[in-house]
2 protein chains.
Amino acid sequence: MAGRRRGFDREEVLDQVTRAFWRSGYDATSVADLTKLTGVNPPSLYAAFGDKKALFNEVVERYRRTYGAFTTRAVDEEPTARLAVERVLREAAVEYIAEDRPRGCLILSAPELGHLRKAAIAALEDKIRHDVDTGELPARTDPHALAVYVAAVVRGMSDLARDGATREELHHVAEVAMSAWPSPVP
Amino acid sequence: MAGRRRGFDREEVLDQVTRAFWRSGYDATSVADLTKLTGVNPPSLYAAFGDKKALFNEVVERYRRTYGAFTTRAVDEEPTARLAVERVLREAAVEYIAEDRPRGCLILSAPELGHLRKAAIAALEDKIRHDVDTGELPARTDPHALAVYVAAVVRGMSDLARDGATREELHHVAEVAMSAWPSPVP
DNA sequence: TGTCTTTTGTAACGAACACTACAGATTTGG
DNA sequence: CCAAATCTGTAGTGTTCGTTACAAAAGACA
């Protein structure tokens with residue numbers, strides 16, 4: 001038996017909340033900020049999403065499936081680790097500076113999401129290791145070290161974007177970073 | 001005409017406060033945390049350092065002169081940009097994981113200190129440009145792009161340290177990162 | 001229409017926040 | 001030893017935090 005219908009679009013509110021957490025972080029974004037931003041009063045917000053922590057968790061999941069999905073897609077779709085990393089860096093330079101969004105990466109900016117970052121490094125490391133095994137990369141290549149290096153560069157790019165870097169600067173970073181990629185022995 | 005003497009060591013308290021801000025950041029560190037940590041009651045703390053913002057500013061200045069001085073020293077003391085960057089990366093891998101301190105870099109972790117980061121990039125860029133002018137680096141080298149690349153790597157190393165990376169991992173990042181350094185044309 | 005269920009706005013809760021009024025304690029200078 | 005000056009601990013200030021009690025409003029089903 002149903003009752004009164006929700007007076008707001010759950011997805012639209014979730015996107016507004018995502019951008020707020022993305023811009024300012026979890027702690028610096030108050031529930032009062034969110035109610036003012038969305039026009040949804042506290043009881044409705046809590047009924048729809050649970051408490052602030054649960055709302056943030058849902059925001060993170062949504063972010064992974066939308067704004068943050070380009071990294072996973074590159075690693076999954078590109079045939080080699082080199083092409084995957086090239087694409088991640090090239091796309092990050094665009095994504096992290098997109099005009100109608102907060103800058104940088106929500107996940108890379110949230111201290112409590114280290115497990116997601118660790119998983120991303122492991123996935124890239126596996127892809128690198130595969131290329132070492134097939135001879136696509138030299139046998140001397142250390143897959144873990146190379147994956148952690150890429151992680152460092154991407155995090156640096158996200159931080160720089162938040163500091164106001166330009167798209168050209170990030171593209172330069174990507175270009176220079178790729179020149180550290182191991183070249184096969186002849 | 002003097003009165004009652006201060007009951008605590010100002011420098012010692014300042015160091016404890018520095019580590020608190022360093023570990024948890026400005027917002028997440030409450031004045032109540034600081035009074036509990038140092039044993040100094042609020043009125044004494046405010047009399048000695050001013051308000052929370054002024055205290056943080058003094059902490060940052062102190063950090064620059066102590067824990068964070070190794071980067072400036074490397075750029076000032078090393079004869080070439082390459083040696084300076086090599087040294088910054090090598091020392092960062094040690095400094096950012098030191099056992100009796102918070103991990104990472106206080107300045108790189110504080111969103112409001114972008115001006116200090118910008119100044120550090122400019123200083124490195126100048127050193128790189130000097131080496132381009134003297135022929136130490138190839139003429140095609142873009143000093144700004146290379147400096148921003150180094151900034152990205154260092155920030156990534158600081159972030160990784162906070163996430164629990166090991167010293168070996170950071171050393172690997174430094175090593176791989178240096179292989180992107182331009183080599184002179186023969 | 002009447003009843004049941006769910007959402008809504010108002011208005012508050014206790015806790016934690018940065019900060020300070022005030023009075024007693026402690027020191028130097030006269 | 002007295003008086004002026006500085007520091008200390010207690011106990012507050014008003015504000016904001018996340019969260020919720022409550023009753024009116026609104027739609028679904030009998």
Side-chain angles (χ1 to χ4, degrees), chain A residues 1-63 102 106 109-113, chain B residues 1-63 102 106 109-113:
Chain A
M1 206 172 274
R4 177 173 178 175
R5 292 179 198 156
R6 223 199 309 267
F8 57 92
D9 182 337
R10 197 180 187 280
E11 278 302 307
E12 183 187 336
V13 165
L14 198 54
D15 190 64
Q16 294 174 310
V17 170
T18 297
R19 286 156 184 270
F21 280 132
W22 190 355
R23 183 182 325 107
S24 311
Y26 179 80
D27 288 321
T29 305
S30 71
V31 174
D33 290 336
L34 299 177
T35 62
K36 182 171 294 182
L37 176 74
T38 61
V40 177
N41 289 321
S44 303
L45 203 65
Y46 277 81
F49 301 104
D51 64 9
K52 191 187 177 188
K53 199 83 190 172
L55 174 55
F56 181 73
N57 289 338
E58 189 165 349
V59 157
V60 170
E61 286 313 307
R62 183 189 149 83
Y63 179 92
L106 168 68
S109 308
E112 53 273 359
L113 298 180
Chain B
M1 207 170 273
R4 178 172 175 174
R5 296 182 193 152
R6 223 200 308 269
F8 57 91
D9 183 337
R10 197 178 187 280
E11 279 302 307
E12 182 186 337
V13 165
L14 197 55
D15 189 66
Q16 294 173 312
V17 170
T18 297
R19 286 156 183 269
F21 279 133
W22 190 355
R23 184 184 321 109
S24 312
Y26 179 80
D27 287 322
T29 304
S30 71
V31 175
D33 291 336
L34 299 177
T35 61
K36 182 171 295 183
L37 176 73
T38 61
V40 177
N41 289 321
S44 303
L45 205 65
Y46 279 81
F49 300 104
D51 66 9
K52 191 187 176 187
K53 200 83 189 170
L55 174 54
F56 181 73
N57 289 338
E58 189 165 350
V59 157
V60 169
E61 286 313 306
R62 183 190 147 82
Y63 179 91
L106 167 68
S109 308
E112 53 273 359
L113 298 181

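Fair warning: this is a prediction, and the values are worked out from it, not measured in the lab. The figures here come from the full heavy-atom set of this structure, side chains too, leaving out hydrogens, waters and symmetry mates. Below, read A as the first sequence line, B as the second, and so on, with proteins coming before strands; counting in each chain starts at 1.
The aromatic rings of W22(B) and Y63(B) lie perpendicular to each other, with more than 60° between the two planes, well past the 30° mark. Under the 30°/60° scheme for interplanar angles, the aromatic rings of F21(B) and Y26(B) are found to lie parallel.
Note: CZ (R4(B)) to P (dC7(D)) measures 10 Å, nearest angstrom.
At least one side-chain nitrogen or oxygen of S30(B) sits closer than 4.0 Å to the OP1 or OP2 atom of dC17(C).
In the region residues 31-60 of chain B, proximity to DNA chain D at under 4.0 angstrom, judged on heavy atoms, holds for N41(B), P43(B), S44(B). Less than 4.0 Å separates DNA chain D from no heavy atom of any residue of residues 10-29 of chain B.
Closest heavy-atom contact between T29(A) and S24(A): OG1-CB, 3.5 Å.
Of the N and O atoms on the side chains of S30(B) and D33(B), at least one donor lies less than 3.5 Å from an acceptor on the other residue.
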Pair up each side-chain donor or acceptor in residues 35-49 of chain A with any protein partner under 3.5 Å, not counting sequence neighbours, and list the distances.
residue, atom, partner, partner atom, Å
T35(A), OG1, A32(A), O, 2.8
T38(A), OG1, L34(A), O, 2.7
T38(A), OG1, V40(A), N, 3.1

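In this structure, the separation between CD on E61(B) and CG on L14(B) is 11.0 Å, given to the nearest 0.5 Å. Atom-to-atom distance recorded for K53(A):NZ and L55(A):CG is 11.5 Å, nearest 0.5 angstrom.
Electrostatic pairing of E58(A) and R10(A) counts as a salt bridge here, judged by a charged N lying under 4.0 Å from a carboxylate O.
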